[in-house]
There are 2 protein chains.
Amino acid sequence: MAVSIPRPGTPVRGSKTGKPIMALFDLLGRSWTLGIIWQLSEDALTFRDLQSRCEGVSPTVLNKRLKELKECALVDHGGEGYRLTALGQELFALLAPFGSWSQNWSRNVFGEQGGEE
Amino acid sequence: MAVSIPRPGTPVRGSKTGKPIMALFDLLGRSWTLGIIWQLSEDALTFRDLQSRCEGVSPTVLNKRLKELKECALVDHGGEGYRLTALGQELFALLAPFGSWSQNWSRNVFGEQGGEE
DNA sequence: CCATATTGCTACCGTTTATGTAGCAAATAT
DNA sequence: ATATTTGCTACATAAACGGTAGCAATATGG
């Protein structure tokens with residue numbers, strides 16, 4: 001069914017219900033969506049800065065994700081580059097605890113070598 | 001590079017750093033991972049129950065996700081079916097606020113039709 | 001005991017998505 | 001005017017996903 005933007009109320013990739021949480025999970029469950037939000041949490045970034053912070057993700061995918069995130073009102077593109085909207089910042093606030101949790105998870109499951117950040 | 005399990009400390013899909021947060025985002029950024037955790041938050045479920053709650057996701061994908069989640073110590077498979085581990089429940093606790101936030105997001109961005117849950 | 005059903009799962013194959021490189025038009029800087 | 005930088009598109013290849021069919025193992029019922 002080749003879904004582009006996972007609007008709530010509309011069926012999304014794999015999901016026929018269109019519940020908001022499923023639409024959100026569909027959006028967040030695409031490659032680099034979470035990473036993009038994470039990287040934009042501090043500063044606005046240019047396309048290429050964002051690309052390099054996302055480990056050199058291909059511009060094709062980066063541009064797709066940015067379009068989706070703009071259409072879902074989580075990211076916009078002002079004079080200083082791409083940045084989170086107010087809603088995007090709200091979402092990042094929910095996401096922020098994942099940072100320290102992931103370190104704890106890493107230590108518990110995989111040992112000490114998990115490393116920084 | 002065909003990455004199977006996104007262990008922190010090891011390069012993951014697209015990411016060369018292996019930072020825990022990137023490993024976690026890689027894991028969560030695969031189709032149905034978030035949905036599976038969401039569905040297992042209340043009860044243990046059999047493979048087929050879980051499949052039907054995930055809108056009939058194909059068994060191929062479901063089995064892949066379950067293997068990954070088991071290997072990452074977020075899900076296990078006891079006598080009553082698949083269920084979240086203690087770590088999995090911790091992660092769900094971080095994820096739970098996304099439910100109500102997604103409803104608010106849906107109303108703000110797409111209008112009122114977003115619907116329940 | 002034998003048939004039936006359920007469970008967890010694998011094989012296959014076609015479609016979709018992602019990756020990776022090259023490069024172009026517009027804006028900015030020198 | 002020349003050279004960079006920026007945002008982005010066009011391919012081609014590789015990986016992931018979706019969907020159906022079906023199998024071995026364990027229950028369940030007659």
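First the proteins, then the strands, lettered A, B, ... as listed; each starts at 1. Scope of the values below: all heavy atoms of this structure, side chains included, with no hydrogens, waters or symmetry mates.
- Distances shown here put every side-chain N or O of B:Asn63 at or beyond 4.0 Å from the OP1 or OP2 atom of C:dG8.
- Under 4.0 Å is where a charged nitrogen must lie from a carboxylate oxygen, and between A:Arg30 and A:Asp26 at least one such pair does.
- Here A:Ser58 lies in heavy-atom contact (under 4.0 Å) with a base.
- Between the P atom of C:dC9 and the NZ atom of B:Lys64 lies a distance of 15 Å, rounded to the nearest Å.
- Each of D:dC8, C:dT19, C:dG8 was ranked by its minimum atom distance to the side chain of A:Lys70; first place goes to D:dC8.
- Atoms CG (A:Asp26) and P (D:dG18) sit 10 Å apart, rounded to a whole Å.
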Is there a ring-ring contact (aromatic ring centres under 6.0 Å, His included) between A:Phe25 and B:Trp32 once you walk through the steps?
CA-CA 8 Å; A:Phe25 282 173; B:Trp32 285 108; 9.1 Å; no
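- Contact record, B:Thr85 with B:Ala73: OG1-O, 2.6 Å, taken as the closest heavy-atom pair.
- Taking atom CG of residue A:Asp49 and atom C1' of nucleotide D:dC8, one finds them 15 Å apart after rounding to whole Å.
- Comparing B:Gln51 and A:Arg48 by the nucleotide of DNA chain D whose heavy atom lies nearest to each, the residue mapping closer to the 5' end is A:Arg48.
- When each of D:dG18, C:dT7, D:dC8 is scored by its nearest atom to the side-chain atoms of A:Phe47, the top-ranked nucleotide is D:dC8.
- Summarising the geometry of B:Pro59 relative to B:Gln51, their closest heavy-atom pair is CD-NE2, 3.4 Å, with the distance given to 0.1 Å.
- Residues A:Asp49 and A:Tyr82 have side chains not in contact (no heavy-atom distance under 4.5 Å, counting atoms from C-beta outward).
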What N/O pairs connect the protein and nucleotides 10-12 of chain D at under 3.5 Å? Give each pair on its own line.
{"residue": "D:dA10", "atom": "N6", "partner": "A:Thr60", "partner atom": "OG1", "Å": "3.2"}

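- Pairing each heavy atom of A:Glu71 with each of B:Phe110, the nearest pair is O-CE2, 4.4 Å.
- If you take CH2 of B:Trp32 and P of D:dC17, they are 13 Å apart, rounded to a whole angstrom.
- Listed nucleotides: C:dT10, D:dG18, D:dG7. Nearest to the side chain of B:Val57: D:dG18.
- Just one of A:Leu84, A:Leu28, A:Leu69 meets the side chain to side chain contact (heavy atoms under 4.5 Å, CB included) condition when paired with A:Leu91; it is A:Leu28.
- Going from atom CG of A:Leu66 over to atom C1' of D:dC8 covers 11 Å, rounded to whole Å.
- Taking atom CZ of B:Arg65 as the reference point, atom C1' of D:dC17 lies 8 Å away to the nearest angstrom.
- Residue B:Lys67 has a polar side-chain atom (N or O) positioned under 4.0 Å from OP1 or OP2 of C:dT10.
- Considering CD of B:Gln89 and CG of B:Leu74, their distance stands at 11.0 Å, rounded to 0.5 Å.
- Atom CD1 of A:Ile36 and atom C1' of C:dA18 are 13 Å apart (whole Å).
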How far apart are the C-alpha atoms of A:Leu50 and A:Leu66, what are their side-chain angles, what is the distance that settles it, and do they pass the side chain to side chain contact (heavy atoms under 4.5 Å, CB included) test?
CA-CA 10 Å; A:Leu50 184 53; A:Leu66 287 170; 3.9 Å; yes
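- Across residues 76-86 of chain A, not one residue has a non-hydrogen atom less than 4.0 Å from an atom of DNA chain C.
- For A:Lys70 and A:Asp76, the salt-bridge test fails: no basic side-chain N is under 4.0 Å from an acidic carboxylate O.
- Between B:Arg30 atom CZ and C:dT16 atom C1' there is a gap of 17 Å when expressed in whole angstrom units.
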